[in-house]
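These notes concern the structure reproduced below.
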Amino acid sequence: MVELLELGYQTTFSGILSGLKIYRNEAPNQRKPVIYPPSVVIVGQGQKHGYHGRQCYRYHPGQLLVITAPLPVECQVQQASKEAPYLALAVPLIDQVLAELLNDLGGSNAPWEPQSSIAVFSASSQVEEAARRLLRTALNPEDTRALGTAALRELYYRLLNGPEKDQILSLFSRQGKGIDNVLNWLHDHLTESLRVEEVARRANMSVPTFHRAFKARTGMSPLQYVKTARLHKAFSHIHYDGMRVNEAALLVGYASATQFSREFKRLYGYPPTKLSLRARLTPPTSGQATKS
């Protein structure tokens with residue numbers, strides 16, 4: 001797995017596997033805000049922590065992280081070196097392929113209980129073998145065209161039909177998917193003025209029911225989610241893209257740069273101008289080209 005991850009690092013994948021990402025770090029780093037898309041993250045080497053709300057999700061070889069909706073989290077590589085860099089594969093959850101497979105499996109018979117859209121599970125040997133086959137397929141464009149969907153479907157199947165299948169299937173229940181669909185919609189409309197009543201209607205829920213389900217799924221209220229997601233996106237624009245503070249504020253939906261700076265400092269503990277200066281003065285670190 002490690003050899004394949006090194007081989008695939010900085011490779012541009014194609015077709016249905018174009019969303020694959022390989023994360024690589026040669027040293028531990030500080031906590032950084034990111035918004036992970038719906039994906040399965042499989043660690044080949046090293047260790048990483050993901051922080052969401054008051055929860056810390058630790059994942060390393062033999063474990064995988066499942067995220068079913070765009071979620072603002074903070075991540076920190078804990079174990080990595082030049083000799084043994086942190087390496088992980090992020091596999092996107094493609095709705096059509098996943099929905100067809102879930103339909104074939106008949107879904108979960110367990111009653112749905114509101115739960116977070118992020119969780120850590122053990123990675124069975126079958127999941128790891130499927131991940132290796134997926135990577136080998138992705139490294140060859142011809143194989144991707146012929147076998148990409150099948151390789152992706154196999155990985156999903158091994159994940160959904162493994163030792164922890166009931167817990168994993170419950171993440172993809174119809175009720176949970178309803179909130180995840182709303183999260184995807186919110187993520188695509190972060191710059192707009194939103195009314196909770198309108199968003200609740202999208203989930204076919206009353207406002208009180210929607211609030212409870214949304215908070216169980218994300219750990220925050222809808223308005224908190226939008227604010228945190230906006231600030232995480234702005235952080236990325238400033239830190240990784242070198243964007244100016246005012247430009248980043250406008251791009252994520254803030255009409256007032258003053259309000260943006262105040263809320264940015266409240267969340268991260270320092271003003272965005274400090275991040276902007278740091279981004280301009282700090283050269284890129286080898287092995288950290290991906291936003292991990």
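Heads up: numbering here begins at 1 and tracks the sequence.
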Is it true that [X] and [Y] have a side-chain N and a carboxylate O under 4.0 angstrom from each other?
| X | Y | answer |
| --- | --- | --- |
| E198 | R202 | no |
| R153 | D104 | yes |
| R158 | E129 | no |
| E263 | K227 | yes |
| R31 | E74 | yes |
| R217 | D180 | yes |

Any chance you could measure [X], atom [atom1], to [Y], atom [atom2], to the nearest 0.5 Å?
| X | Y | atom1 | atom2 | value |
| --- | --- | --- | --- | --- |
| E192 | L186 | CD | CG | 10.0 Å |
| R212 | M205 | CZ | CE | 10.0 Å |
| H49 | Q76 | NE2 | CD | 7.5 Å |

Evaluate side-chain contact (heavy atoms from CB on, under 4.5 Å) for I118 paired with Y57, printing each intermediate quantity in order. CA-CA 9 Å; I118 178 173; Y57 299 89; 3.6 Å; yes
Any non-hydrogen side-chain atom of [X] less than 4.5 Å from a side-chain atom of [Y]?
| X | Y | answer |
| --- | --- | --- |
| P72 | Y36 | no |
| E26 | R24 | yes |
| H237 | L251 | yes |
| L17 | T137 | yes |
| S261 | P271 | no |

Mark yes or no for whether [X], through its side chain, and [Y], through its backbone, hold a donor-acceptor pair below 3.5 Å.
| X | Y | result |
| --- | --- | --- |
| S236 | K233 | no |
| Y270 | F264 | no |
| N140 | E142 | yes |
| R230 | L190 | yes |
| T228 | Q224 | yes |
| H187 | L183 | no |

If you look at every heavy atom in [X] and [Y], which pair is closest and at what distance?
| X | Y | answer |
| --- | --- | --- |
| V252 | A234 | CG1-N, 3.7 Å |
| G253 | T191 | N-CG2, 3.8 Å |
| Y225 | P70 | OH-O, 2.8 Å |
| T144 | G15 | CG2-CA, 4.5 Å |
| H60 | V43 | C-CB, 3.7 Å |
| P85 | E6 | CG-OE2, 3.5 Å |

With no hydrogens and no angle check, just 3.5 Å: does a side-chain donor-acceptor pair link Q47 and Q78? no
What do you reckon, is CD of E197 surrounded by more than 12 foreign heavy atoms closer than 6.0 Å? yes
Can you confirm if the aromatic rings of Y23 and Y86 lie within a centre distance of less than 6.0 Å? no
For K21 and V41, run side-chain contact (heavy atoms from CB on, under 4.5 Å): C-alpha distance rounded to whole Å, both residues' side-chain angles, the deciding distance at 0.1 Å, then the answer. CA-CA 9 Å; K21 290 185 179 178; V41 180; over 6 Å; no
